[in-house]
Amino acid sequence: MKWQKKTFLVLTVICTVSLLLHHGGHFTWNMEAFHSSYSHQSTGTKPKHTNIVFLKTHKTASTTMQNILFRFAERNNLTVALPVQACGHQFCYPRSFSSHFVHLHTLRPNLITNHMRFNKTALQRLMPNDTIYITILREPASMFESLFTYYSRHCMSFRRVPNGSLEAFLAEPLRYYRPEETESMYARNTLTFDLGGDKDHPLKDLSYVKNFVAEVEKVFSLVMISEYFDESLILLRHLLSWDLEDILYVKLNMRTESSKKRLSPGLPEKIRAWNSIDAYLYDYFNASFWVKLSELGLDSVAKEVQLLRQAQERLMRSCFGGKTPLPRAAAEIKNKDLRPWQPSDKVDIVGYDLPVNLSQEAQEHCLKYIMPEISYTRILLHSQSLRHRRNYQNRPPQKSHTLQQHIRTTLPRHSQVHRNPPAPSVVQSAASGTESRSTPKQSEGTTKLGL
């Protein structure tokens with residue numbers, strides 16, 4: 001597989017590197033052998049970084065990335081900030097993020113990754129000082145086609161279009177688009193909105209766009225690119241000092257081919273014009289992404305991608321008996337926890353089932369790789385609530401604390417996982433196990449450009 005030559009708008013990097021896909025022989029399930037085959041592929045002796053904000057953007061392979069983080073948190077006994085019940089499985093999106101949206105049993109978190117609208121001020125109050133910020137972007141044309149199809153029943157700007165025609169919407173977008181509507185963020189500059197920016201800022205104000213991009217670059221240590229997911233994971237692994245095992249994945253939240261619309265000639269250009277801030281954002285960070293790869297060494301990256309794909313093949317053989325799991329319609333999946341959410345009857349989101357002949361050990365290892373976001377969020381909240389209650393019951397009596405005392409301000413926090421660590425002791429807040437049913441408050445303030 002060859003990397004195509006890329007010419008960039010901001011920074012130009014031209015490269016051609018061969019990425020070889022290795023197809024190995026048969027693999028017999030053995031947990032010890034499975035882990036030892038790649039667990040030594042670490043970035044060095046540095047401890048793993050564990051304090052992470054992943055801004056989960058829409059229709060960008062972010063659910064697959066979220067699954068990677070969920071599994072990492074469970075393996076290392078970390079705390080993941082999760083939404084209160086009133087917010088569902090998202091942090092009351094599309095409202096700007098606030099710590100009031102975080103379930104009390106998941107406070108003092110190491111990671112946060114469920115959908116939110118980015119609010120730097122609120123997140124900095126919640127997370128440790130050494131938190132690393134990461135997000136992911138996707139090429140605007142393919143992303144908008146996915147948004148249009150996925151949210152066709154939920155976004156009024158799309159529902160108004162006759163016959164659900166993407167061509168009709170792009171011919172006269174202002175005829176259907178209403179910026180003040182609740183779900184309008186799916187219909188224009190969705191990436192910009194998710195990052196806390198103004199999706200409807202006048203197109204002529206190029207200074208706003210440049211300043212917004214500069215703010216994003218200052219806050220986020222890594223902006224992944226969906227079209228180069230494996231290469232993005234290599235950058236992530238080096239940034240966080242993770243092992244190869246930590247970045248293995250199975251693709252999640254995918255549509256069937258019949259649910260996808262082919263873009264006719266001229267539509268990609270119209271999509272980019274309508275989503276001009278997103279287009280500028282993507283072009284800039286696509287360029288800087290390839291600069292980061294060049295700094296790491298293109299040959300080195302190619303070798304690591306090859307190792308990752310070989311490890312992926314071993315995972316697929318051990319969990320599914322083949323190279324890739326067989327995608328199934330939700331109705332065909334026996335385990336209800338593995339059925340993905342279906343946005344409408346016109347969009348089929350596929351999931352997976354595990355083979356019936358797997359050992360108990362293999363099932364426990366493989367199950368979380370294919371668990372949809374909503375199910376995994378619910379299971380994580382349950383396990384963290386149990387842990388919180390155990391730790392709270394074992395604490396000596398002390399004075400009550402307010403919510404703000406639990407939100408991280410200046411106290412130092414353990415932020416790393418050392419190789420072969422001793423069994424960790426988890427320190428939880430003494431917050432009440434009772435969840436607030438009141439309407440979440442507005443965000444805790446925003447800085448320049450919504451960041």
Side-chain angles (χ1 to χ4, degrees), residues 10-11 49-58 60-62 65-66 68-69 80-81 90-91 93-99 101-102 109-138 140 185 189-199 201 205-226 232-233 235-241 277-293 295 407-410 413 415 443-451:
V10 185
L11 299 169
H49 196 90
T50 60
N51 291 333
I52 302 161
V53 167
F54 174 64
L55 181 68
K56 189 177 188 293
T57 50
H58 287 80
T60 58
S62 62
M65 182 60 208
Q66 180 191 51
I68 291 173
L69 292 169
V80 181
Q90 304 177 350
F91 288 105
Y93 185 87
R95 296 174 64 181
S96 186
F97 175 79
S98 166
S99 60
F101 301 161
V102 181
N110 301 101
L111 290 91
I112 188 167
T113 175
N114 289 57
H115 275 304
M116 69 172 71
R117 188 178 187 205
F118 191 72
N119 180 344
K120 183 178 74 171
T121 302
L123 284 164
Q124 286 180 335
R125 291 175 182 171
L126 175 71
M127 300 298 293
N129 286 334
D130 66 345
T131 296
I132 289 178
Y133 290 73
I134 298 162
T135 191
I136 186 168
L137 306 181
R138 180 180 175 184
M185 66 281 176
N189 289 316
T190 308
L191 292 172
T192 300
F193 182 87
D194 287 351
L195 284 160
D198 180 4
K199 62 182 173 61
H201 198 84
D205 188 2
L206 188 59
S207 63
Y208 170 82
V209 180
K210 291 181 176 180
N211 289 334
F212 178 69
V213 167
E215 288 282 346
V216 173
E217 187 171 43
K218 185 169 72 172
V219 172
F220 289 85
S221 299
L222 175 62
V223 178
M224 302 170 65
I225 298 297
S226 176
S232 294
L233 289 177
L235 291 178
L236 176 84
R237 193 174 82 84
H238 282 266
L239 176 66
L240 302 178
S241 299
I277 306 178
D278 275 10
Y280 189 100
L281 192 73
Y282 176 84
D283 289 341
Y284 182 91
F285 285 105
N286 187 28
S288 64
F289 172 81
W290 286 84
V291 171
K292 287 180 183 290
L293 289 178
E295 291 172 348
I407 302 301
R408 199 248 159 262
T409 52
T410 58
R413 294 276 302 282
S415 65
S443 65
E444 301 175 352
T446 54
T447 61
K448 186 179 180 183
L449 306 178
L451 289 170

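Just so we're clear, the structure is a prediction, and the values are computed from it rather than from any experiment.
Here the side chain of Asn51 pairs no donor or acceptor atom with the backbone of Thr131 at under 3.5 angstrom. The backbone N or O of Ser207 sits less than 3.5 Å from a side-chain atom of Asn211, completing a donor-acceptor pair. Of the possible donor and acceptor atoms, one in the side chain of His49 sits under 3.5 Å from a partner among the backbone N and O of Asp130. Listed for the Arg138 side chain is no donor-acceptor partner under 3.5 Å among the backbone atoms of Ile225. At least one donor-acceptor pair under 3.5 Å links the side chain of Ser62 to the backbone N or O of Thr57.
Scored by the side-chain contact (heavy atoms from CB on, under 4.5 Å) test, Lys218 finds Glu215 as partners (sequence neighbours excluded). Here Lys292 pairs with nothing under the side-chain hydrogen bond (donor to acceptor under 3.5 Å, both in side chains) rule; sequence neighbours left out. For Ser232, the side-chain hydrogen bond (donor to acceptor under 3.5 Å, both in side chains) criterion is met by no residue, not counting sequence neighbours. In this view, Asp278 and Thr192 satisfy the side-chain hydrogen bond (donor to acceptor under 3.5 Å, both in side chains) rule, not counting sequence neighbours. Under the ring-ring contact (aromatic ring centres under 6.0 Å, His included) criterion, Phe289 pairs with no residue, sequence neighbours left out. Take Tyr133 and apply the side-chain hydrogen bond (donor to acceptor under 3.5 Å, both in side chains) test, not counting sequence neighbours, and it matches no residue.
In this structure, Arg95 forms no cation-pi arrangement with Phe101, as its terminal cationic atom is not both closer than 6.0 Å to the ring centre and no more than 45° off the ring axis.
Aromatic rings from Phe91 and Phe118 are positioned such that their centres are separated by 6.0 Å or more. Aromatic pair His58/Tyr93: centroids less than 6.0 angstrom apart.
One finds the CG atom of Asp194 at 10.0 Å from the CG atom of Leu137 (value rounded to the nearest 0.5 Å). Rounding to the nearest 0.5 Å gives a distance of 11.0 Å between NZ of Lys56 and CG of Leu69. Atom CG of Leu195 is separated from atom NZ of Lys120 by 12.5 Å, given to the nearest 0.5 angstrom.
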